[in-house]
Amino acid sequence: MSTTEKKNTAVHYHSYLELDKILDAQHPRSVELGIPAHDETLFIILHQVYELWFKQIIHELDSVMEMFEDDLIDEREISTVIHRIGRIIEIQHLLIAQIRVMETMTPLDFLEFRNYLFPASGFQSFQFRMVETMMGLRREQRVSYNNQQFDLDFEEKNRNLLHKAEQRRSLLQLVNEWLERTPFLEIGDFHFAPAYDRAVKHMLATEKETIETSELLSPEMKAMRIKMVDDTYAYFASVLDKNRYAELQAQGKVKLSHRATVAALLINLYRDEPILQMPFRLLSLVMDMEEAFTTWRYRHAQMVMRMIGRKTGTGGSSGHEYLNETAQKHHIFSDLMNISTLLIPRSDLPKLPDDLKLKLGFHFTAVQS
């Protein structure tokens, strides 16, 4: 059948959605064993829905990463990136809400068929491992599962796909490279990093003076607070100084490059400037996406605790303990969230030169005839 003939062929709802395949994809083990457990159907459908949404997340992530993989990304595409990451976040909200449906199944209901699931486990979800890998979680950063590689349970085909994804630049790396190309860090005589450093020193000097001249604080309290101010500056300096920042990178404490971090800081501080509003929105949504996955992990861990307590997971993991640890440690964009530590009040921001303000705004020249 030619393409033209296919275009003119009527489409039916049932066949277009391939409902025969979908609706015939639930085969409870308890039924096959002759001991039907009512809630196993719910358990299967909920996990199938998860996998469908994971497929859509991969579809969206892949398209976003393709746009960023061009080193000269058209900034007009940023609105498309924002839209698609926003869609991922809405899907994540559904994933989190779906746990409430799972929790309509009581622990006793689950025990009716749990023993039939061994050794299957959510850890064997290839698509979720792909999502994590695409975002930037690398194997050396993963919480160990039974002291084995995270891809050991997958077929060779899927292991190869995960390995290929690991070789590809992750979303984290692509965002890092995009931030490094920020053109406003040095323009003319204006250099953002030293100007910001001077502003921080002035802000903290003012704070020290307020402490020292206070009549409400004892000498001990003054000394303690001044030490806190000095410690605060030490953190600022560790980020602004390239050599000290390199030490943090070598220790694995930061993932973004020094220039990317400074660029993210500039975008956050001057977010109200028209040209920086879209980049700020993008960084905010990336953090929202990370936060939503962390929330999902925590809710999943709590649901497992509620359902099986301290029992070992069906796949042999420590169950709740393992899931809770991944929620604490599987963070990818934590550097972006830590930017808040470096923010200073708008009133203390370095004043931008007029020519830079013009470049950061929307302007036109009216020509009179």
Side-chain angles (χ1 to χ4, degrees), residues 75 78-79 81-82 85 175-214 225-246 248-249 253-288 290-291 333-364:
E75 293 301 323
I78 295 299
S79 62
V81 170
I82 286 173
I85 292 180
V175 169
N176 181 87
E177 292 168 8
W178 172 72
L179 284 169
E180 287 181 337
R181 296 194 294 271
T182 300
F184 307 113
L185 298 181
E186 303 97 8
I187 291 207
D189 295 331
F190 178 76
H191 296 269
F192 168 68
Y196 169 75
D197 188 39
R198 289 191 295 271
V200 169
K201 287 177 178 176
H202 178 267
M203 178 189 73
L204 296 179
T206 302
E207 191 173 335
K208 272 188 176 181
E209 183 180 357
T210 301
I211 293 170
E212 290 168 345
T213 58
S214 173
R225 295 201 176 199
I226 287 175
K227 182 180 183 305
M228 291 171 65
V229 172
D230 289 337
D231 290 344
T232 298
Y233 180 71
Y235 178 76
F236 279 87
S238 68
V239 174
L240 290 173
D241 185 276
K242 289 184 179 180
N243 293 327
R244 294 168 72 174
Y245 191 89
L248 295 177
Q249 278 187 304
K253 293 182 178 179
V254 292
K255 301 184 183 73
L256 293 178
S257 70
H258 179 262
R259 183 176 177 83
T261 297
V262 174
L265 175 59
L266 179 142
I267 291 169
N268 273 269
L269 288 172
Y270 297 99
R271 66 186 73 177
D272 296 327
E273 300 298 333
I275 295 298
L276 297 179
Q277 288 176 11
M278 291 287 274
F280 174 70
R281 178 67 177 147
L282 172 58
L283 295 181
S284 296
L285 285 174
V286 168
M287 289 187 285
D288 288 345
E290 165 115 318
E291 183 178 323
F333 293 96
S334 52
D335 289 0
L336 291 180
M337 296 188 176
N338 285 335
I339 292 295
S340 294
T341 311
L342 303 169
L343 299 184
I344 61 177
R346 283 186 173 89
S347 56
D348 290 310
L349 290 180
K351 187 177 184 301
L352 298 176
D354 291 340
D355 60 334
L356 179 54
K357 285 279 290 184
L358 193 64
K359 288 181 173 68
L360 292 174
F362 301 130
H363 62 279
F364 64 93

Review point. Which atom pair, heavy atoms only, marks the closest approach of Gly361 to Pro274?
Key: CA-CG, 3.9 Å
Practice item. Evaluate the side-chain contact (heavy atoms from CB on, under 4.5 Å) criterion for residues Val239 and Val254: first the C-alpha distance (whole Å), next the side-chain angles of each, then the deciding distance (0.1 Å), finally the verdict. Key: CA-CA 10 Å; Val239 174; Val254 292; over 6 Å; no
Review point. Salt bridge (charged side-chain N to carboxylate O under 4.0 Å, His left out): which pairs involve residues 176-192, sequence neighbours left out?
Key: Arg169-Glu177, Glu186-Arg259
**Study point:** Backbone of Tyr235 reached by a side-chain donor or acceptor of Ser238 within 3.5 Å
**Key:** yes
Check your understanding: Is there any salt bridge (charged side-chain N to carboxylate O under 4.0 Å, His left out) pair reaching into residues 271-285, and which pairs are they, with sequence neighbours excluded?
Key -> Asp272-Arg346, Glu273-Lys357
Practice item. Could you walk me through whether Glu207 and Arg225 pass side-chain contact (heavy atoms from CB on, under 4.5 Å), step by step? Key: CA-CA 10 Å; Glu207 191 173 335; Arg225 295 201 176 199; over 6 Å; no
**Study point:** Interatomic distance, Asp348 atom CG to Leu343 atom CG [nearest 0.5 angstrom]
**Key:** 12.0 Å
Review point. CE/Met203 to OG/Ser347 distance, rounded to the nearest 0.5 angstrom?
Key: 9.5 Å
Exercise for review: Determine, step by step, whether Leu179 and Leu283 satisfy the side-chain contact (heavy atoms from CB on, under 4.5 Å) criterion, reporting the C-alpha distance in whole Å, the side-chain angles of both residues, the deciding distance to 0.1 Å, and the verdict.
Suggested key: CA-CA 10 Å; Leu179 284 169; Leu283 295 181; 4.2 Å; yes
Practice item. Nearest 0.5 Å please: distance from the CG atom of Leu342 over to the CG atom of Leu240. Key: 7.0 Å
Review point. What do you reckon, is CE of Met228 surrounded by more than 12 foreign heavy atoms closer than 6.0 Å?
Key: no
Revision key, fill the gap. When rounded to the nearest 0.5 Å, the distance separating OG1 of Thr182 from CZ of Phe192 is 10.5 Å
Check your understanding: If you look at every heavy atom in Ile344 and Leu269, which pair is closest and at what distance?
Key -> N-CD2, 3.8 Å
Review point. Atom CG in Leu276, atom CZ in Phe184: separation rounded to 0.5 Å?
Key: 6.0 Å
Practice item. Side-chain contact test, heavy atoms from C-beta onward, threshold under 4.5 Å: evaluate it for Leu266 versus Val262 and give yes or no. Key: no
Review point. Is there a donor-acceptor pair under 3.5 Å between the side chain of Asp335 and the backbone N or O of Thr261?
Key: no
**Study point:** Side-chain touch Arg244/Leu248, heavy atoms, less than 4.5 angstrom
**Key:** no
Practice item. Could you walk me through whether Tyr233 and Asp197 pass the side-chain hydrogen bond (donor to acceptor under 3.5 Å, both in side chains) test, one step at a time? Key: CA-CA 9 Å; Tyr233 180 71; Asp197 188 39; 3.0 Å; yes
Check your understanding: Can you tell me how far the OG atom of Ser284 sits from the CG atom of Asn268, to the nearest 0.5 Å?
Key -> 6.5 Å
Review point. Going by heavy atoms in the side chains, are Lys359 and Ile275 under 4.5 Å from each other?
Key: no
Review point. Are any of the side-chain heavy atoms of Thr232 and Val200 separated by less than 4.5 Å?
Key: no
Review point. Taking all atoms of both residues into account, what is the closest heavy-atom pair of Leu185 and Ala263, and its distance?
Key: CD2-CA, 3.9 Å
Review point. Tyr245 and Gln249: side-chain contact (heavy atoms from CB on, under 4.5 Å), yes or no, with the steps?
Key: CA-CA 6 Å; Tyr245 191 89; Gln249 278 187 304; 3.8 Å; yes
Practice item. Would you mind reporting whether Leu204 and Lys208 have side-chain heavy atoms less than 4.5 Å apart? Key: no
Practice item. Over 60° means perpendicular and under 30° means parallel, so classify the ring planes of Tyr196 and Phe236, tilted if in between. Key: tilted
